[in-house]
Amino acid sequence: MLIHQAAFAGPEPLLKGELHCHTTRSDAKSSPETVIRQYAAMGFDFLALTDHRRYNYENFAPETGLMILPGMELDANMDEPIHHCVHIVSLGPEKEKGNGFEQDQRFESLHVPTAADSLPLVRAIQEANNLPIFCHPEWSGNSAQEILSLPDIHLMEVWNSGCVVENGLDSRAAYWDEVLFSGREMYGVATDDGHQLYQNGLGYVKVRAEKNPSAILDALRRGAFYASCGPEIYDFYLEDDKAVILCSPVDVIRFRHFRVPYKECRGPCIMGHQTVPVKGTNYIRAEIQDSQGRMAWTNPIFLSEEHWKRLENK
């Protein structure tokens with residue numbers, strides 16, 4: 001039985017996109033026009049301008065051909081411990097496709113006693129037909145338990161360029177495996193969260209979708225994408241009891257489950273590897289690292305009890 005991870009199935013193109021960045025519309029250093037032109041010059045297909053608490057549909061540089069994905073970033077802050085917060089990116093479809101937010105609609109920060117009390121942010125996002133992404137858990141001082149305290153979030157940042165460059169945080173998928181091991185289906189995105197131009201273009205997603213907001217959001221919901229800082233992933237699949245990844249030349253390939261790498265292959269210049277998942281595993285994913293230290297992450301292939309029963313009966 002052959003199971004391709006959703007990013008590597010279907011006839012749609014793989015689009016390069018940025019899901020989280022900032023401009024002078026909130027607290028960044030560069031104008032929307034400058035940021036859009038920068039991403040267009042780097043070969044991106046789409047971009048979400050997710051300025052803090054200010055919704056955006058507008059393409060401020062339409063001549064670039066870069067598609068704008070509607071969005072913003074919302075936040076809730078806790079007084080204790082110091083620097084403890086929840087940030088959530090909100091991404092939506094076109095206005096005519098049922099997006100409940102307005103251009104330039106503004107929001108206030110919440111002040112809450114616990115992370116779980118930021119649930120109204122999640123609900124407001126969902127009620128407006130938007131998709132929530134849990135942001136930079138290390139920078140925010142979050143735990144896996146706090147992520148899990150917010151139901152119905154199925155996307156989280158596993159790389160955040162701004163936090164990596166400025167703080168050395170959110171570089172290696174913190175808490176993702178613990179969340180997955182708990183049984184939550186969670187897909188991992190790489191983003192820039194750029195506030196200055198040198199932070200942009202370092203982390204992105206490759207999404208299997210047609211080039212329109214609704215199609216991209218549907219692909220994100222289904223996990224039909226992978227996250228990268230440079231390396232390319234060509235395929236990731238499960239065939240009977242073997243998990244296989246094919247990729248651009250890298251120095252390290254890891255298959256992950258149980259919060260640890262239980263299979264690792266080192267190069268140089270390896271372009272694929274395979275492993276047999278541990279019986280009873282509820283997911284398997286892979287991550288790769290090239291000679292420059294840049295990483296890429298597949299999303300998980302989820303494995304049910306029925307899958308293991310079928311293998312036993314073969």
Side-chain angles (χ1 to χ4, degrees), residues 7-8 10 12-26 28-51 55-73 89-94 131 133 135-136 155 157-165 170-171 187-221 223-234 247-248 290 292 294-299:
F8 311 101
E12 299 85 0
L14 270 176
L15 304 177
K16 185 177 182 179
E18 179 56 51
L19 303 176
H20 184 183
C21 77
H22 297 277
T23 74
T24 50
R25 284 166 55 82
S26 58
K29 303 295 185 181
S30 299
S31 68
E33 294 86 349
T34 297
V35 171
I36 292 171
R37 289 170 186 143
Q38 181 193 26
Y39 276 102
M42 292 188 290
F44 280 69
D45 297 295
F46 67 90
L47 169 68
L49 300 178
T50 54
D51 282 297
Y55 205 82
N56 182 70
Y57 293 90
E58 188 173 345
N59 189 339
F60 296 88
E63 74 281 359
T64 64
L66 191 67
M67 193 203 81
I68 298 300
L69 189 63
M72 65 178 166
E73 183 178 6
V89 156
S90 173
L91 301 176
E94 305 91 325
L131 185 65
I133 301 176
C135 301
H136 42 64
L155 292 160
E157 291 182 344
V158 300
W159 167 280
N160 180 295
S161 302
C163 296
V164 174
V165 171
D170 293 295
S171 64
Y187 300 113
V189 305
T191 73
D192 284 333
D193 190 10
H195 289 71
Q196 301 194 59
L197 294 180
Y198 64 80
Q199 299 168 349
N200 292 344
L202 304 179
Y204 52 87
V205 291
K206 298 292 287 289
V207 182
R208 180 76 63 184
E210 298 298 336
K211 193 177 175 180
N212 64 76
S214 294
I216 290 168
L217 289 174
D218 178 66
L220 291 172
R221 287 188 179 96
F225 66 93
Y226 71 89
S228 182
C229 299
E232 296 182 350
I233 301 175
Y234 303 137
C247 59
S248 59
D290 68 12
Q292 301 176 55
R294 301 177 305 173
M295 298 185 68
W297 301 261
T298 75
N299 272 302

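Since this is a predicted model, take the numbers as computed values, not measurements.
Atom CG of residue Leu47 and atom CD1 of residue Ile68 lie 4.5 Å apart, to the nearest 0.5 angstrom. Tyr198 contributes atom OH, which lies 11.5 Å from atom OG of Ser161 (distance to the nearest 0.5 angstrom). One finds the CG atom of Leu91 at 7.5 Å from the OG1 atom of Thr50 (value rounded to the nearest 0.5 Å). Separation of atoms CG (Leu49) and CG (Asn59) is listed at 8.0 Å; rounding is to 0.5 Å. For the atom pair CD (Gln38) and CD (Glu18), the distance works out to 10.0 Å, reported to the nearest 0.5 Å. The distance from atom NZ of Lys16 to atom CD of Glu232, rounded to the nearest 0.5 Å, is 9.0 Å.
A heavy-atom distance below 4.5 Å is found between the side chains of Cys21 and Val35. At least one side-chain heavy atom of Ile216 sits under 4.5 Å from a side-chain heavy atom of Met67. Between His195 and Ser30, every side-chain heavy-atom pair lies at or beyond the 4.5 Å cut-off. The shortest distance between side-chain heavy atoms of Tyr234 and Leu14 does not fall below 4.5 Å. Here the side chains of Gln196 and Val165 are not in contact, with every heavy-atom distance at 4.5 Å or above.
Ring geometry for Phe8 against Tyr226 counts as parallel: the plane angle stays under 30°, on a 0 to 90° scale with 60° as the upper cut. Using the six-membered ring where Trp is involved, Trp297 and Trp159 have ring planes that are tilted, between 30° and 60° apart.
The two residues Pro93 and Pro213 make their nearest non-hydrogen contact at CA-CB, 4.1 Å. Minimum heavy-atom separation, Ala40 to Thr64: CB-CB, 3.7 Å. Closest approach of Pro70 and Tyr55 over heavy atoms only: CB-OH, 3.4 Å. Closest heavy-atom contact between Asp290 and Pro231: OD2-CG, 3.9 Å. Heavy atoms only, all atoms of each residue included: Phe60 and Pro32 are closest at CD1-CB, 3.4 Å. Closest heavy-atom contact between Asn160 and His136: ND2-CD2, 3.5 Å.
Listed for the Asp45 side chain is no donor-acceptor partner under 3.5 Å among the backbone atoms of Gly17. Of the possible donor and acceptor atoms, none in the side chain of Asn200 sits under 3.5 Å from a partner among the backbone N and O of Asp192. Asn299 places a side-chain N or O within 3.5 Å of a backbone atom of Gly188 that can act as its donor or acceptor partner. Side-chain N or O atoms of Glu157 include none that pairs as donor or acceptor with a backbone N or O of Thr191 at under 3.5 Å.
The number of heavy-atom neighbours closer than 6.0 Å to NZ of Lys211, taken from other residues, nucleotides and ligands shown, is above 12.
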